[in-house]
Number of protein chains: 2
Amino acid sequence: MDTAWLEVFRAVARHGSFTAAGTELGFTQSAVSRQIAALEAEFGAPLFDRLPRGVRLTQQGRRALGHAEAALDRLSDARRDLAALDRLAAGRLRLGSFATADAALVPRALAAFAADHPGVHVTHVEGYSRDHVAALAAGALDLAVVSGYPEQVAAYEAVELTHLLDDPVLVALPAGHRLAGGIRPLRLADLAGESWVAGSHTPEETLISACLRQGFRPRIAYVAREWTAKFGFVAAGLGLTLVPALAAGALPRGVALAALHPDDAPTRTLHTAIPRTTAHPPSVTGFLPYLRRAAGEVTG
Amino acid sequence: MDTAWLEVFRAVARHGSFTAAGTELGFTQSAVSRQIAALEAEFGAPLFDRLPRGVRLTQQGRRALGHAEAALDRLSDARRDLAALDRLAAGRLRLGSFATADAALVPRALAAFAADHPGVHVTHVEGYSRDHVAALAAGALDLAVVSGYPEQVAAYEAVELTHLLDDPVLVALPAGHRLAGGIRPLRLADLAGESWVAGSHTPEETLISACLRQGFRPRIAYVAREWTAKFGFVAAGLGLTLVPALAAGALPRGVALAALHPDDAPTRTLHTAIPRTTAHPPSVTGFLPYLRRAAGEVTG
DNA sequence: AGTGAGGCATGCGGTTCACGCATCCTATGC
DNA sequence: GCATAGGATGCGTGAACCGCATGCCTCACT
């Protein structure tokens with residue numbers, strides 16, 4: 001059964017005439033006659049009484065018409081719903097990102113997106129980039145913001161990556177420190193004698209491992225997990241720490257930042273990641289510009 | 001858009017595979033692939049992600065599926081509804097008949113029909129046969145029980161008539177009357193000197209006009225409209241009256257009936273009448289046997 | 001790492017089907 | 001009585017759909 005038949009049915013019922021319905025829909029009277037005949041065969045009942053002038057719904061036709069119109073309405077509802085997805089007036093966005101991206105970048109993008117497209121239902125999961133890549137491949141996420149050093153990023157083959165921004169490593173040091181306020185990037189080697197604040201006593205697991213690559217073992221005087229805590233130690237003049245630029249958004253008084261020479265610490269890169277093979281919902285393509293804009297604001 | 005596409009859509013969503021859906025519905029995988037592609041073009045959105053093994057609904061596909069299933073449900077509802085009409089589990093019957101038929105024939109048929117088919121909504125209009133014939137032609141009635149003498153019946157060209165029964169005219173006379181209880185049919189001429197009970201003082205308008213055709217002007221002593229009233233006068237021995245057999249169902253004590261010679265009063269015939277050109281709802285064809293059965297009971 | 005299998009996409013040929021055109025039939029109304 | 005309106009239908013054509021065969025990709029197993 002062709003849905004065009006149902007539209008013809010509706011038009012004939014409205015006009016009470018095959019000819020008029022055909023004119024409205026761009027069919028000949030002949031085509032309308034045959035489509036109605038086909039529909040009557042399909043339903044196994046006459047839908048119209050053929051009168052000398054025009055036609056009139058039979059009892060069966062009146063019953064069938066209600067259902068036919070409801071079915072057509074449902075199909076146009078479907079079209080409207082899909083159009084709403086395209087307009088971002090509805091839909092779903094399952095977003096994943098890692099902790100540092102959630103310091104400013106992702107919330108900022110989400111806030112702007114949600115303000116512009118309140119109909120889209122956004123869910124967000126914070127986690128490790130590697131897990132998110134797997135979730136994308138499994139269809140559990142629509143989009144993720146991932147990060148990594150070049151060799152890690154290269155391993156994310158299951159997803160399609162688009163570069164978002166670079167996230168250089170900065171040195172956080174007490175505002176009164178002798179190296180604070182300098183213009184030239186610092187070399188790690190110049191900081192060999194300093195005390196350090198790190199996330200772990202073993203530098204291998206942290207950003208501070210960059211010091212090892214520069215040939216000295218940093219003296220880790222204080223261990224703290226959260227950035228606010230680390231900044232507290234630094235502000236008190238107790239040590240230095242390394243911090244990704246993205247995490248350095250809300251810097252407390254008493255802490256200064258200094259750039260690091262590019263050779264001393266590899267710059268981590270951020271990317272948007274989407275499943276490689278599957279179609280992307282409109283919410284994904286719609287959200288990407290917001291992410292890019294937020295990236296510009298955060299780095300600018 | 002073919003509704004078969006929607007069924008394929010539903011089957012694919014259920015199986016997660018074009019091949020499996022095709023097997024279920026008797027299509028090849030190739031046909032399924034193309035039907036889904038056609039549906040995706042129709043909706044302007046991808047409905048399935050193509051995975052290495054099988055397919056999975058996209059966000060748009062999940063939305064569209066609900067509507068597609070609802071539309072299909074509505075169409076099968078239509079089929080079920082029309083089948084219910086055929087089974088007389090639902091529907092409408094607009095019946096017309098004349099007063100004498102409502103004395104026993106029509107109520108009896110209606111009662112039996114309503115008991116067997118409580119789902120059919122029956123409406124009934126009492127009125128003149130000529131008006132009912134017009135109502136049938138105008139589509140305001142589905143079925144009528146009409147009556148008339150041969151020349152009247154011949155004028156009912158707008159409808160299709162089926163003979164139901166004959167309704168001969170009887171003479172109602174007091175139980176103690178000299179002619180009561182006879183075996184041979186009476187001749188009207190034998191009653192020339194009697195007093196009569198009629199519906200009007202002018203015999204031309206009533207059954208009594210048969211007397212005029214037999215060459216005498218009856219003496220109308222009492223006028224009464226209702227049959228019960230007429231029977232009252234007859235039972236009291238005040239006169240005779242002519243009565244159609246159908247109206248003589250509940251005869252009070254004191255009144256006797258006598259057959260009339262066929263030549264003296266033309267026998268009125270009863271017919272079912274349906275519109276000539278239009279299709280008849282199942283309720284009409286379903287009701288006819290009940291009418292015929294009631295006719296057999298009333299006359300037998 | 002190679003190979004086989006599962007699964008969707010697609011070119012090709014044949015058949016069906018739905019359309020428009022023209023015509024016929026019926027009933028109406030002047 | 002004839003013109004008109006409106007639905008039904010035979011005929012020819014073109015589009016669309018189907019099945020078959022094949023191609024391509026991914027995964028699993030050896």
Side-chain angles (χ1 to χ4, degrees), chain A residues 1-9 11-42 46-58 61 134 136-139 157-160 275-279, chain B residues 1-9 11-42 46-58 61 133-134 136-139 156-160 275-279:
Chain A
M1 187 191 313
D2 196 313
T3 58
W5 299 357
L6 301 179
E7 290 168 22
V8 167
F9 179 26
V12 169
R14 191 167 53 240
H15 286 98
S17 153
F18 286 9
T19 308
T23 303
E24 177 194 336
L25 298 177
F27 287 120
T28 61
Q29 172 266 329
S30 150
V32 173
S33 172
R34 266 185 277 243
Q35 291 193 31
I36 295 299
L39 205 55
E40 289 176 327
E42 186 89 32
L47 300 176
F48 292 100
D49 281 329
R50 273 65 166 181
L51 306 179
R53 303 284 160 131
V55 296
R56 183 179 51 208
L57 279 171
T58 61
L136 285 167
E157 288 183 338
V159 296
E160 188 175 319
R276 182 173 294 281
T277 60
T278 67
Chain B
M1 187 191 313
D2 197 310
T3 57
W5 297 358
L6 300 179
E7 290 168 21
V8 168
F9 179 27
V12 169
R14 190 168 55 240
H15 286 98
S17 154
F18 286 10
T19 308
T23 303
E24 178 194 335
L25 298 178
F27 287 120
T28 61
Q29 172 268 328
S30 149
V32 173
S33 171
R34 264 185 279 240
Q35 291 193 31
I36 295 299
L39 206 54
E40 289 176 326
E42 186 89 31
L47 300 176
F48 292 99
D49 281 330
R50 273 67 166 179
L51 306 179
R53 303 283 159 135
V55 297
R56 183 179 50 207
L57 280 170
T58 61
V133 168
L136 285 167
Y156 296 157
E157 289 183 338
V159 296
E160 189 175 318
R276 182 174 294 282
T277 59
T278 67

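Protein chains get the first letters and strands the later ones, always in sequence-line order, with residue 1 at the start of each.
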**Prompt:** Do the side chains of B:V32 and B:T19 get nearer than 4.5 Å, heavy atoms only?
**Reply:** no
**Request:** Using a 4.5 Å cut-off on heavy atoms from C-beta on, say whether the side chain of B:R50 contacts that of B:I36.
**Result:** yes
Using atom [atom1] of [X] as one end and atom [atom2] of [N] as the other, report the distance to the nearest whole Å.
| X | N | atom1 | atom2 | result |
| --- | --- | --- | --- | --- |
| A:F27 | C:dC17 | CZ | P | 18 Å |
| B:Q35 | D:dA16 | CD | C1' | 12 Å |
| A:R276 | D:dC27 | CZ | C1' | 17 Å |
| B:I36 | C:dT10 | CD1 | P | 14 Å |
| B:H15 | C:dC8 | NE2 | C1' | 17 Å |
| B:F18 | D:dT26 | CZ | P | 17 Å |
| B:D2 | C:dT16 | CG | P | 17 Å |
| A:L51 | C:dG29 | CG | C1' | 17 Å |

Touch check for [X], heavy atoms < 4.0 angstrom, all strands: base, sugar-phosphate only, or nothing?
| X | result |
| --- | --- |
| B:G26 | sugar-phosphate |
| A:V55 | sugar-phosphate |
| B:R50 | sugar-phosphate |
| A:S33 | base |

Does [X] make a side-chain donor-acceptor contact with the base of [N], cut-off 3.5 Å?
| X | N | answer |
| --- | --- | --- |
| A:S30 | C:dC21 | yes |
| B:R34 | C:dG11 | yes |
| A:R53 | D:dG7 | no |
| B:Q29 | C:dA9 | yes |

**Fill in**
Of D:dG19, D:dA8, C:dC19, the nucleotide closest to the side chain of B:A31 is D:dG19
**Request:** Among C:dT28, D:dT26, D:dC18, find the nucleotide with the atom closest to the side chain of A:P52.
**Result:** C:dT28
Distance check, rounded to the nearest 0.5 Å: [X] atom [atom1] versus [Y] atom [atom2]?
| X | Y | atom1 | atom2 | result |
| --- | --- | --- | --- | --- |
| B:F9 | B:E40 | CZ | CD | 8.5 Å |
| B:F18 | B:T28 | CZ | OG1 | 12.0 Å |
| B:F48 | B:L57 | CZ | CG | 4.5 Å |

**Request:** Could you tell me whether the phosphate oxygens of D:dG7, OP1 or OP2, come under 4.0 Å of any side-chain nitrogen or oxygen in A:T19?
**Result:** yes
